[in-house]
**Q** 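Here it is: the structure, laid out below.
Both ligands and their constituent atoms are indexed starting at 1 by order of listing.
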Amino acid sequence: MPIDATQPYDDANIFARILRGEIPAKRVYEDAFALAFHDIAPQAPVHVLVIPKGAYVSWDDFSARAPDAEIAGFVRAVGHVAREHGLVEPGYRLLANVGGHGGQEVPHLHVHLFGGVPLGPMLSR
Ligand code: AMP
């Protein structure tokens, strides 16, 4: 069920629990600003989620409220993870679902990083 991206941050969401180490995740990268881990239901040979460590519901919330250092740190972490997975030369896709029409289900900002095969059209037709 997609979330309402204008809702307040819910500390009990599943990615907050992963950040706190309360539930396991296949972590692939972590720094001061971001954590990256494998999606539990991968939709491509490489399907990694990158999340900021701060409490932000969505891309909208993050872009409106996050300090510049957190935005820069998060964006750099996404690029780092893509490079570390050898995705730059073959190419890859980033996706951030926001709210109802975006189909966002977890109310903590996450960027999906897809790669490993040609990914086809940008949206299903
Ligand atoms: P979205 O629809 O953009 O909110 O995507 C949420 C993503 O989180 C989906 O691709 C799920 O498969 C993934 N997901 C949900 N729970 C977990 C979990 N515990 N560990 C890793 N990925 C998860």
**Q** What residue and heavy atom of the protein are closest to atom 17 (C) of ligand 1, and at what distance?
**A**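 Checking every protein heavy atom, the shortest distance to atom 17 (C) of ligand 1 gives I40 CG2, 3.7 Å.
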**Q** Counting both backbone and side chain atoms, is some N or O of N97 under 3.5 Å from an N or O of ligand 1?
**A**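 So ligand 1 has an N or O lying under 3.5 Å from an N or O of N97.
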**Q** What atoms of ligand 1 come closer than 4.0 angstrom to any heavy atom of F37?
**A**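 Matching atoms, with element in brackets: 21 (C).
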**Q** Note the single closest protein heavy atom to atom 4 (O) of ligand 1, along with its residue, its atom name and the distance in Å.
**A**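 Closest protein heavy atom to atom 4 (O) of ligand 1: E105 N, 2.6 Å.
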**Q** Is there a chain of hydrophobic side chains (I, L, V, M, F, W, Y, each step under 4.5 Å between heavy atoms) that links L94 to V46?
**A**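 Cluster IDs for L94 and V46 match.
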**Q** For ligand 1, find out whether one of its N or O atoms is nearer than 3.5 Å to an N or O atom of D39.
**A**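 N/O-N/O distance under 3.5 Å: yes.
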**Q** Work out which heavy atom in G99 is nearest to a heavy atom in P2; give both atom names and the distance.
**A**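 For G99 versus P2, the nearest heavy atoms are O-CB, 4.2 Å.
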**Q** Taking the ring of H110 and the ring of H108, is the distance between their centroids below 6.0 Å?
**A**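 No, they do not, as the ring centres are separated by 6.0 Å or more.
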**Q** Mind checking whether H85 and H38 have parallel, tilted or perpendicular rings, split at 30° and 60°?
**A**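 The rings of H85 and H38 stand perpendicular, inter-plane angle above 60°.
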**Q** Relative to the heavy atoms of A41, which atoms of ligand 1 are at a distance of less than 4.0 Å?
**A**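 So the atoms of ligand 1 that pass are 12 (O).
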**Q** N/O to N/O below 3.5 Å, does that happen between V106 and ligand 1?
**A**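 There is such a contact, yes.
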**Q** Going by the atom numbers of ligand 1, which of them fall below 4.0 Å from some non-hydrogen atom of H38?
**A**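 Close to H38: 21 (C).
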**Q** Could you tell me whether some N/O pair between G103 and ligand 1 is separated by less than 3.5 angstrom?
**A**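 Yes; at least one N/O pair falls below 3.5 Å.
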**Q** Contact between L113 and V81 at the side-chain level, heavy atoms closer than 4.5 Å - yes or no?
**A**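 In contact.
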**Q** Enumerate the atoms of ligand 1 whose separation from the nearest heavy atom of H112 is less than 4.0 angstrom.
**A**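 What qualifies from ligand 1 is 1 (P), 3 (O), 5 (O), 7 (C), 10 (O).
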**Q** My understanding is that we take every heavy atom of each candidate and find the minimum distance to atom 19 (N) of ligand 1. Doing that for L109, I14, V98, which one comes out nearest?
**A**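 Minimum heavy-atom distance to atom 19 (N) of ligand 1 goes to I14.
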**Q** Would you please indicate if the ring centroids of Y9 and Y56 are separated by under 6.0 Å?
**A**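 Aromatic pair excluded; centres sit 6.0 Å or further apart.
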**Q** Looking only at protein heavy atoms, which one is nearest to atom 8 (O) of ligand 1, and what is the separation?
**A**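 Among all protein heavy atoms, the one nearest atom 8 (O) of ligand 1 is F15 CZ, 3.4 Å.
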**Q** Of the backbone atoms (N, CA, C, O) and the side-chain heavy atoms from C-beta on, which set of L49 has a member under 4.0 Å from an atom of ligand 1: side chain, backbone, both, or neither?
**A**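 Side chain only.
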**Q** Given the rule that I, L, V, M, F, W and Y join up when any side-chain heavy atoms are under 4.5 Å apart, are V28 and I18 in one cluster?
**A**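 No; I18 is not reachable from V28 via cluster members.
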**Q** For ligand 1, note which part of H110 has a heavy atom under 4.0 Å away: side chain, backbone, both or neither.
**A**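 For H110, the contact with ligand 1 is made by the side chain alone.
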**Q** Test F74 against every option in Y29, F33, F62 by the ring-ring contact (aromatic ring centres under 6.0 Å, His included) rule and name the one that passes.
**A**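 Running ring-ring contact (aromatic ring centres under 6.0 Å, His included) over Y29, F33, F62 with F74 returns exactly one hit, F62.
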**Q** Among the clusters formed by ILVMFWY side chains lying less than 4.5 Å apart, do V50 and W59 turn up in the same one?
**A**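 Shared cluster, yes.
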**Q** Checking side-chain polar atoms at under 3.5 Å, does D60 have a donor or acceptor matched by the opposite partner on S58?
**A**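 The criterion, which ignores hydrogens and geometry beyond distance, is not satisfied for S58 and D60.
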**Q** Taking distance alone, with N or O pairs closer than 3.5 Å, would you say Q104 contacts ligand 1?
**A**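 No: no nitrogen or oxygen of Q104 is under 3.5 Å from one in ligand 1.
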